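Here the structure is laid out as structure tokens; the discussion comes afterwards.
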Amino acid sequence: MTKYIQINADISNIPYGDRKKILDAAQKQKDLADLVSGNPDMPMPQFLRERLKEAVDAGYARYTNYYGLPELRQRVSERLAAQRGIIADPDKELLITIGVQEALYVVMRSVLHPGDEVLIPSPHYANYYMNTLACGAKPVLVQLHEENGFVPDIEQLEEAITPKTRALVFCNPNNPLGVVWPREVLEKLAGLAQAHDLLVLVDEIYRDFTYTDQPPSIGSLPGMAERTFTFGGFSKSYMMMGLRVGYVVGPAEPMFHVKNLHYCIALCPPSLGQVAALAALDCPQEVLDELHKEFRERIQLLYQSVTTIPRVTCVKPQGAFYIFPNMKRFGLTSMDLAIQLIEKAGVSTLPGTEFGPYGEGHLRLSVCAKREQLEKGIARLLEFAKKSG
Ligand code: PLP
């Protein structure tokens, strides 16, 4: 590459991950059952499609308000107040973004400084790590243990805090672990954040897919509004991943700058995506109940099947689209096991190490493929296990 193009070191430090090995192995295989994807193979509800068609027919594609349609911000704010006890001024404290993915970046880029440390309970969603690096900050992975149900150990988190620690980032429900941290844990995390003056970034993209008691949103706990950024979105809840609409809520003063950065990189969120998001807020409850039931059933099926494999352990799924079983009994690294499953069994999975080094020994299995695919994937996995003894 010409010496005149030198990639910014913060950006070139972002790891690409080993996903390519998986993709390369998968490409050679014609018949693969997909237990990898976090992108549900399901159409968006008919109700949304009709509203979108009307907007397309009306030629609706202009830029919208930079920070999201005022009506959408108003309605998201009302919903957050009603469902999560989060009170956010739709003009000053709430921004509509190009999915949670953009929201995470604009917030982290606005509040982190070079050298800041960010606590990331891990295994973790890769984006938290990548964004931290992109901001010139340092990710500090704090291991979550299977024996504790992947719930954080507060003392262990506290030990990882230094004068440079600036923020704690996590998702609840969790991708890749499939767990939901309950109220007691969130209260302890809130106490920790207050005692050490930390910001909390909580990604609640899977909140509608909670299969246990719904825990509070950490930003609604006493004293937390001033230090919490809460991320949410429409992608998973309404099967509109590709329409790219999410949001973030946070304290007004930093949100002013977050909004400004969003304007720099996005100008505005997608207009048609926002039409679908507004429609989604009116989506009949029966339609959503059906969707949630489908995922709940699929995840149960996957969990119950995988735990029939002798010496495979798995924390019970409580939310999201995933399970994270411990596959150490196969005596292979996660990557080698995932490759063997592709090559010998015709089933694609993700090695736990795609979610950080503490994922070693695990696979992440998802339920986003169509039911027949899921059933095929399960059958192949069980067959592979049987053959391996
Ligand atoms: N956060 C988590 C934990 C995810 O798993 C995903 C997508 O898989 C995202 C955020 C991205 O969400 P969005 O589509 O709103 O950008």
Side-chain angles (χ1 to χ4, degrees), residues 17-42 122-123 126 143-150 174-179 211 294-389:
D18 275 341
R19 203 169 275 223
K20 189 166 180 313
K21 286 189 198 154
I22 296 286
L23 293 176
D24 286 349
Q27 231 161 29
K28 292 186 202 128
Q29 210 65 23
K30 280 210 179 66
D31 173 24
L32 261 189
D34 174 6
L35 299 185
V36 164
S37 179
N39 191 11
D41 189 355
M42 220 181 243
S122 182
Q143 185 172 10
L144 296 168
H145 300 274
E146 185 184 2
E147 312 82 84
N148 299 345
F150 291 126
N174 192 296
N175 172 14
L177 304 171
V179 297
Y211 315 123
E294 174 68 21
F295 276 93
R296 188 188 286 260
E297 281 175 14
R298 287 185 189 192
I299 205 94
Q300 274 313 314
L301 172 70
L302 179 62
Y303 169 72
Q304 279 164 4
S305 310
V306 168
T307 49
T308 61
I309 303 175
R311 305 190 310 287
V312 163
T313 52
C314 185
V315 174
K316 206 166 176 201
Q318 297 144 6
F321 302 159
Y322 318 100
I323 61 171
F324 203 70
N326 180 329
M327 299 294 210
K328 289 184 184 150
R329 55 92 78 193
F330 289 99
L332 296 168
T333 63
S334 295
M335 178 57 79
D336 287 346
L337 177 59
I339 301 271
Q340 283 209 12
L341 281 168
I342 291 173
E343 292 175 347
K344 296 190 178 161
V347 53
S348 57
T349 64
L350 269 186
T353 42
E354 282 296 293
F355 306 91
Y358 296 129
E360 186 51 274
H362 293 256
L363 291 178
R364 190 197 73 170
L365 308 181
S366 88
V367 294
C368 291
K370 289 200 168 58
R371 241 223 230 206
E372 317 84 79
Q373 279 278 316
L374 173 66
E375 285 166 8
K376 202 198 263 183
I378 292 172
R380 290 179 175 184
L381 190 60
L382 298 187
E383 186 58 26
F384 176 87
K386 216 162 151 191
K387 282 191 191 144
S388 332

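All figures in this text were calculated on a predicted structure; none of them were measured in a lab.
Under the 4.5 Å side-chain criterion, counting only non-hydrogen atoms from C-beta, I22 is not in contact with S348. At a threshold of 4.5 Å between non-hydrogen side-chain atoms, the residues V312 and V306 count as touching. Between D41 and Q373, every side-chain heavy-atom pair lies at or beyond the 4.5 Å cut-off. Side-chain contact between L365 and L381 is present, with at least one heavy-atom pair separated by less than 4.5 Å.
Annotation: salt bridge (Lys or Arg N to Asp or Glu O under 4.0 Å) contacts involving residues 28-38, sequence neighbours excluded, comprise D31-K376, D31-R380.
Exactly one residue among Y322, F321, Y211 makes a ring pair (Phe, Tyr, Trp, His ring centres under 6.0 Å) with F295. That residue is F321.
Listed here is the closest heavy atom pair of G359 and S334: O-OG, 3.7 Å. Closest heavy-atom contact between L363 and A338: CD2-CB, 4.2 Å. Closest of all the heavy-atom pairs between R329 and R311 is CG-O, 3.5 Å. Among all heavy-atom pairs drawn from S122 and G356, the shortest one is OG-CA, 4.5 Å.
Defined by atom type and a distance below 3.5 Å, a donor-acceptor pair is missing between the side-chain atoms of T353 and E360.
Atom CE of residue M335 and atom CG of residue L337 lie 11.0 Å apart, to the nearest 0.5 angstrom. If you take CD1 on I323 and OG on S305, they are separated by 8.5 Å, rounding to the nearest 0.5 Å. Taking NZ from K370 and CE from M42, the interatomic distance works out to 9.0 Å, rounded to the nearest 0.5 Å. Distance check: T307 OG1 to N326 CG gives 12.5 Å after rounding to the nearest 0.5 Å. For the atom pair F324 CZ and L144 CG, the distance stands at 10.0 Å (nearest 0.5 Å). Atom CE in M327 sits 7.5 Å away from atom OG1 in T349 (nearest 0.5 Å).
In R19, the CZ atom is not crowded: 12 or fewer heavy atoms of neighbouring residues, nucleotides or ligands sit closer than 6.0 Å.
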Task: Check against side-chain contact (heavy atoms from CB on, under 4.5 Å), K387 and K344 - done: CA-CA 11 Å; K387 282 191 191 144; K344 296 190 178 161; over 6 Å; no
Open item on the list: Quick one, F355 with L350, criterion side-chain contact (heavy atoms from CB on, under 4.5 Å). Give me CA distance, side-chain angles, the key distance, then yes/no.
Closed with: CA-CA 9 Å; F355 306 91; L350 269 186; 3.7 Å; yes
Task: Full working for side-chain contact (heavy atoms from CB on, under 4.5 Å) between I309 and L382 - done: CA-CA 7 Å; I309 303 175; L382 298 187; 3.6 Å; yes
- [ ] For the pair Q340 and L332, evaluate side-chain contact (heavy atoms from CB on, under 4.5 Å) and give the outcome as yes or no after the intermediate values.
- [x] CA-CA 10 Å; Q340 283 209 12; L332 296 168; 3.8 Å; yes
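Side-chain N or O atoms of D18 include none that pairs as donor or acceptor with a backbone N or O of K21 at under 3.5 Å. In this structure, the side chain of R298 engages the main chain of A369 through a donor-acceptor pair within 3.5 Å.
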